[in-house]
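So the structure is just underneath, and the comments pick up after that.
By convention in this document, chain letters (A, B, ...) are assigned in the order of the sequence lines, proteins followed by strands, and residues within each chain are numbered from 1.
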Amino acid sequence: MYRTHTCGELRAHHDSQSVILAGWVHRRRDHGPLIFVDLRDRYGLTQVVFDAANDASVHAIASEARSEFVLQVTGNVRKRPAEAINPELGTGEIELVATAVSVLNPAKQTPLMINRDGNEEEPLRLKYRYLDLRRERMQRNLILRHRFVKFIRDFLDKENFIEIETPILTKSTPEGARDYLVPSRVHDGEFFALPQSPQQMKQLLMVAGYDRYFQIARCFRDEDLRADRQPEFTQLDMEMAFVEMEDVLDVVERLFTAMVPAVIPHKRTISPFMRLTYAEALERFGSDKPDLRYGLELIKLNDIVANSAFTVLSSAVASGGQVKGICVPSIANYSRKQIDEITDIARQNGAKGLMWAAVPADGGELRSSFAKQVSTDEMQAILAAMNAQPGDMVLIVADTTKVVTAVLDKLRREFANRLNLADPNLMAFAWVIDFPLLEWDAEDNRWNAAHHPFTAPLDSDVALMDTDPGNVRAKAYDLVLNGYEVASGSVRIHRREVQQKLFDLLGISRETSLAQFGHMLEAFEFGAPPHAGIAPGIDRIAMILADEATIREVVAFPKTQQAQDLMMGAPSPVDEKQLRDLHIKLR
RNA sequence: GGGGAUGUGGUGUAGAGGCCUAACAUGCGACCCUGUCAAGGUCGAGACCGCGGGUUCGAAUCCCGUCAUCCCCGCCA
């Protein structure tokens, strides 16, 4: 037996018991004849005392031990003297007096210091990920993620959902992200694709009658990485039959509303979740995934400036663009340099410039980049529309709708960050609904599915599919949380003729649609029930729960931005023989 | 594909054309020390400053290129 207890377990009532602990040397405090070792495992720390007066040979071994040695210690639990109790430690009322010790494995000097939350370059952490994962921060994150997923499984089980696994080796489809491909040895020249999501499988499970399905599903997309995007990631994949949008929203809303207090009690949600249409989200926040923990809403000034003598403003309106701004509190005293800095942010996001006006807190004269260009009345109307108070600065962009939206979204986030406007303990979930069904792809000159090609149109908009496809709204919904898209779903098409019509609109030929999606079209002819689903992103939500800025901090073995695993050294070349078996020739 | 940032002993930082034979902290090694809990003290070893080229009398420092990592745009049904 390697151990009788864990390093986080012993308490005062274990006093005088003989126990065995095993773990890593977290810290060693060497007083010569008396050595303290904090022994660590994932359950906690226990102070072990090595006293030369008790046993010189045991003490000698401890004096050789260093950080991250793996030790097995036999000893007697002893209550600490009152003045030596450590209230910071769960085991702080006791210590283990060693009577025997063995070094299960020594350790070289580690490239990371396990016992402090270091600030190393990330490649080093990723190369030695197994050491990084020993640290408290990563343990806390992975355990939090486990509890989160465990809560989901328990909750959905009680709600009558069943978890069903779907294949990892599946079929490439033309829509969507780039696929990861796996060559078939048996079929020369043919390939499996790793699933971008189990989308079709879960719909076919509905056709099969498993009317409440879920899966903690690994998904793969060969696209470029971001702080919140890995090439492989995990979704809570869900699908329900005989439901409408409200049924899906209801179960997900109840799930997360119950999850937050159970998994991370110091955070809170707002009930019910706020709801915004896609159009409203862009109009008010400049984003389809707005952070709703703070205001800084976008104010539209088109009506005020449409006839302005300042052509930067009036021509933006005349050419179909927008003039919008945000009112930022408490920065009226920004220096020229600071204003240049935020102007740069606007430029980097496509704006030609940034107009600003600062209302001094002390009632002094207005400072503004464009006061000379507009009349006093006009300026007053702008400031009034934006509700600018003394101390505030308004920031205004005039450009195409796309640029105005992108720039103000960026600035809104920037100032929320600078001014600490976002409460880190608030989980501001919100639904975004009424997405467009289609997006125009100017490059390929065709319509693309905005969500995916199985999404049903709003009943009221079906007629528009023939006359005005761009304005057809979808029965699609996103769940957003603190500025991230954390789930996306839709009511699906379950009738062959509607599905065929959508494929036609997407410019997918009858021939291609049969070859790629024939199984779906056929399945819809064998009694497919109405169904709908959603897929919350496990990594992103875990990241937010853990107060981390990147998804990598909640993934045990993440990949770099170049999609490499620095620990394993993947990807890597393979033997010529392996390639030959797969009928692959490199070029 | 594009824009930006970073790269100095094991680790984290300092350094802004000569004061750098590269400093500080921590870790590491040796010694001292019986109540610490980031223990303390003394002494010591350890980096040719990511890599390549250039400017200069002189480069960690300036310039060009390159590699790696990160952030963002494109991309992500």
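- Within a 6.0 Å radius of CD in A:Glu93, other residues, nucleotides and ligands contribute 12 heavy atoms or fewer.
- A donor-acceptor pair shorter than 3.5 Å can be found between the side chains of A:His531 and A:Gln203.
- Within 4.0 Å (heavy atoms only), A:Asp30 reaches at least one base atom of the nucleic acid.
- For B:rC37, the base has no donor-acceptor partner in the side chain of A:Arg28 [N/O atoms by modelled type, under 3.5 angstrom].
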Assess whether side chain to side chain contact (heavy atoms under 4.5 Å, CB included) is satisfied between A:Asp539 and A:Gln230, documenting all intermediate values. CA-CA 9 Å; A:Asp539 316 82; A:Gln230 283 273 303; over 6 Å; no
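- Separating the CD1 atom of A:Ile345 from the P atom of B:rC71 is a distance of 18 Å, rounded to the nearest angstrom.
- With sequence neighbours left out, the salt bridge (Lys or Arg N to Asp or Glu O under 4.0 Å) criterion links A:Arg226 to no other residue.
- Of the nucleotides present, none pairs with B:rA38 by Watson-Crick or G-U wobble criteria with both distances under 3.5 Å.
- Pair check for B:rC43 finds B:rG29; Watson-Crick or G-U wobble, both atom distances under 3.5 Å.
- In this structure, A:Gln561 atom CD and B:rG4 atom C1' are separated by 12 Å, rounded to whole Å.
- If you take NE2 of A:His26 and P of B:rG27, they are 12 Å apart, rounded to a whole angstrom.
- With sequence neighbours excluded, the residues forming a side chain to side chain donor-acceptor pair (under 3.5 Å) with A:Asp132 are A:Arg125, A:Arg129, A:Arg135, listed by chain and number.
- Judged by Watson-Crick or G-U wobble contacts below 3.5 Å, the nucleotide B:rA5 has B:rU69 as its partner.
- Contacts of residues 397-408 of chain A with RNA chain B (heavy atom under 4.0 Å): none.
- Picking from B:rC37, B:rG29, B:rC76 the nucleotide with the shortest atom distance to the side chain of A:Arg66 gives B:rG29.
- Looking at residues 81-96 of chain A, you'll see A:Ala84, A:Asn86, A:Glu95 sit with a heavy atom under 4.0 Å from some atom of RNA chain B.
- Out of B:rC71, B:rU34, B:rU36, the shortest distance to the side chain of A:Arg552 is found at B:rC71.
- Nucleotide B:rC19: unpaired (no Watson-Crick or G-U wobble partner with both distances less than 3.5 Å).
- Atom-to-atom, CZ of A:Phe36 to P of B:rA38 comes out at 13 Å; the value is rounded to the nearest Å.
- The nucleotide B:rC76 finds no pairing partner, because no Watson-Crick or G-U wobble arrangement with both distances shorter than 3.5 Å includes it.
- The main-chain N or O of A:Gln196 is found under 3.5 Å from a side-chain atom of A:Arg221 such that the two form a donor-acceptor pair.
- Residues that satisfy the salt bridge (Lys or Arg N to Asp or Glu O under 4.0 Å) test with A:Arg229, not counting sequence neighbours, are absent from this structure.
- Every residue meeting the salt bridge (Lys or Arg N to Asp or Glu O under 4.0 Å) condition with A:Glu414, not counting sequence neighbours, appears here in chain and number order: A:Arg418.
- Interface remark: the A:Arg229 side chain does form a donor-acceptor pair with the B:rC76 base, using a distance-only criterion of under 3.5 Å.
- We find that CG of A:Asp539 is positioned 14 Å from C1' of B:rC76, with the value rounded to whole Å.
- Counted by atom type alone, A:Asn86 and A:Gln47 present zero donor-acceptor pairs between their side chains at under 3.5 Å.
- In the region residues 43-63 of chain A, proximity to RNA chain B at under 4.0 angstrom, judged on heavy atoms, holds for A:Gln47, A:Asp51, A:Ala53.
- The side-chain ring of A:His31 is not stacked on the base of B:rG35, judged by centre separation under 5.5 angstrom and plane angle under 30 degrees.
- The side chain to side chain donor-acceptor pair (under 3.5 Å) search around A:Lys352 returns A:Asp399, not counting sequence neighbours.
- Across every strand in view, B:rG52 sits in a pair with B:rC64 that passes the Watson-Crick or G-U test at under 3.5 angstrom.
- By the ring pair (Phe, Tyr, Trp, His ring centres under 6.0 Å) test, A:Tyr128 is found to be paired with no residue, residues two or more places apart in sequence or in another chain being considered.
- In this structure, the ring of A:Phe517 has its center less than 6.0 angstrom from the ring center of A:Phe454.
- One N or O donor and one acceptor, one from the side chain of A:Arg116 and one from the base of B:rA38, sit under 3.5 Å apart.
- Going from atom CD1 of A:Ile35 over to atom C1' of B:rC37 covers 15 Å, rounded to whole Å.
- Residue-level contact check: A:Arg78 touches the bases, meaning some heavy atom is under 4.0 Å from a base atom.
- Between A:His14 and A:His5, the ring-plane angle classifies as perpendicular under the 30° and 60° cut-offs.
- Rounded to whole Å, the distance from CD on A:Glu136 to C1' on B:rC37 is 16 Å.
- Side-chain atoms of A:His26 and A:Arg134 form no donor-acceptor pair, as typed in the model, at a separation below 3.5 Å.
- Side-chain atoms of A:Ala177 lie closest to B:rC76 of the nucleotides B:rC76, B:rU69, B:rC33.
- A side-chain donor from one of A:Gln215 and A:Thr166 sits under 3.5 Å from a side-chain acceptor of the other.
- When heavy atoms are screened at a 4.0 angstrom cut-off, A:Gln199 is found touching base atoms of the nucleic acid.
- When the side chain to side chain donor-acceptor pair (under 3.5 Å) test is applied to A:Arg78, the partners found at least two apart in sequence or on another chain are A:Glu95.
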For nucleotides 47-49 of chain B, which of its nitrogen or oxygen atoms have a protein nitrogen or oxygen under 3.5 Å away, and what is each distance?
none

Which nucleotides of nucleotides 7-16 of chain B have their base under 4.0 Å from a protein heavy atom (B), which only their sugar-phosphate (S), and which neither (-), written as one string 5' to 3'? ---BSSS---
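- Within the 4.0 angstrom heavy-atom criterion, no nucleotide atom of any strand lies near A:Thr455.
- Per the geometry, CZ belonging to A:Arg226 stands 8 Å off C1' belonging to B:rC76, to the nearest Å.
- Distances shorter than 4.0 Å separate some side-chain N or O of A:Arg29 from OP1 or OP2 on B:rA39.
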